[in-house]
Amino acid sequence: HNGVTTFLSILLLTILMLFLLMGAGLLISSVAKVDSSIPLLINLFALPQLILSGTFFSVDVFPRWIQQISALLPLRHFNDALRKISFEGESLLACGTELGVLLGWTILIYFLTSRLIRWE
């Protein structure tokens, strides 16, 4: 829609999501007792998000209670913001709710990671 502005908005949104996911990886690796359990724990974090966040199909097909759970997931807000920017031509600032949820998750994850990480 807006050329370079759309590209830069998507890039910034993706970088924010990247930091969130890196923090999730650090958090999971800091609570795992053995290295072999890390992939399992990451899948337990990622799989529900892939199914419930509207990545592959609309969230509207789910029962209302699952939609409410879905509204808490960071990937859903990333997808919603990405769609608003790329398909509707909105600016990054028009995605305030989505950005707020992503920033909230990022702060929460890094706060928990700072409390749980073990330096050896």
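The structure presented is a predicted model; accordingly, all values stated were derived computationally and were not measured.
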Where is the tightest heavy-atom contact between Ser53 and Thr55, given as atom of each residue plus distance? OG-OG1, 2.8 Å
Pair up each side-chain donor or acceptor in residues 38-48 with any protein partner under 3.5 Å, not counting sequence neighbours, and list the distances.
| residue | atom | partner | partner atom | Å |
| --- | --- | --- | --- | --- |
| Asn43 | ND2 | Pro39 | O | 3.3 |

Partner set under side-chain contact (heavy atoms from CB on, under 4.5 Å) for [X], not counting sequence neighbours:
X	answer
Val4	Leu8
Thr97	none
Ala94	Glu90, Ser91
Leu108	Leu112

Would a single hydrophobic cluster contain both [Y] and [X], if residues Ile, Leu, Val, Met, Phe, Trp and Tyr are joined by side-chain heavy-atom contacts under 4.5 Å?
X	Y	value
Val61	Leu52	yes
Ile66	Val59	yes
Ile107	Leu75	no
Leu73	Leu99	yes
Phe78	Tyr110	no

Please report the interatomic distance OG(Ser30) to CG(Leu27), rounded to the nearest 0.5 Å. 5.0 Å
Hey, could you give me the OG/CD1 distance between Ser37 and Ile28, rounded to the nearest 0.5 Å? 10.0 Å
Can you list every salt bridge (Lys or Arg N to Asp or Glu O under 4.0 Å) pair that touches residues 14-32, not counting sequence neighbours? none
Does any pair with a residue in residues 94-110 pass salt bridge (Lys or Arg N to Asp or Glu O under 4.0 Å), and if so which ones, sequence neighbours excluded? Lys84-Glu98
Any pair with a residue in residues 68-78 that passes side-chain hydrogen bond (donor to acceptor under 3.5 Å, both in side chains), sequence neighbours left out, goes on the list, sorted by first then second residue, please. Ser70-Arg76
With sequence neighbours left out, the residues meeting ring pair (Phe, Tyr, Trp, His ring centres under 6.0 Å) with Phe62 are Phe57
Does Phe56 have any ring pair (Phe, Tyr, Trp, His ring centres under 6.0 Å) partners at least two apart in sequence or in another chain, and if so, which? none
Run the side-chain donor-acceptor check on residues 11-25: report pairs under 3.5 Å with partners two or more places apart or on a different chain.
| residue | atom | partner | partner atom | Å |
| --- | --- | --- | --- | --- |
| Thr14 | OG1 | Ile10 | O | 2.7 |

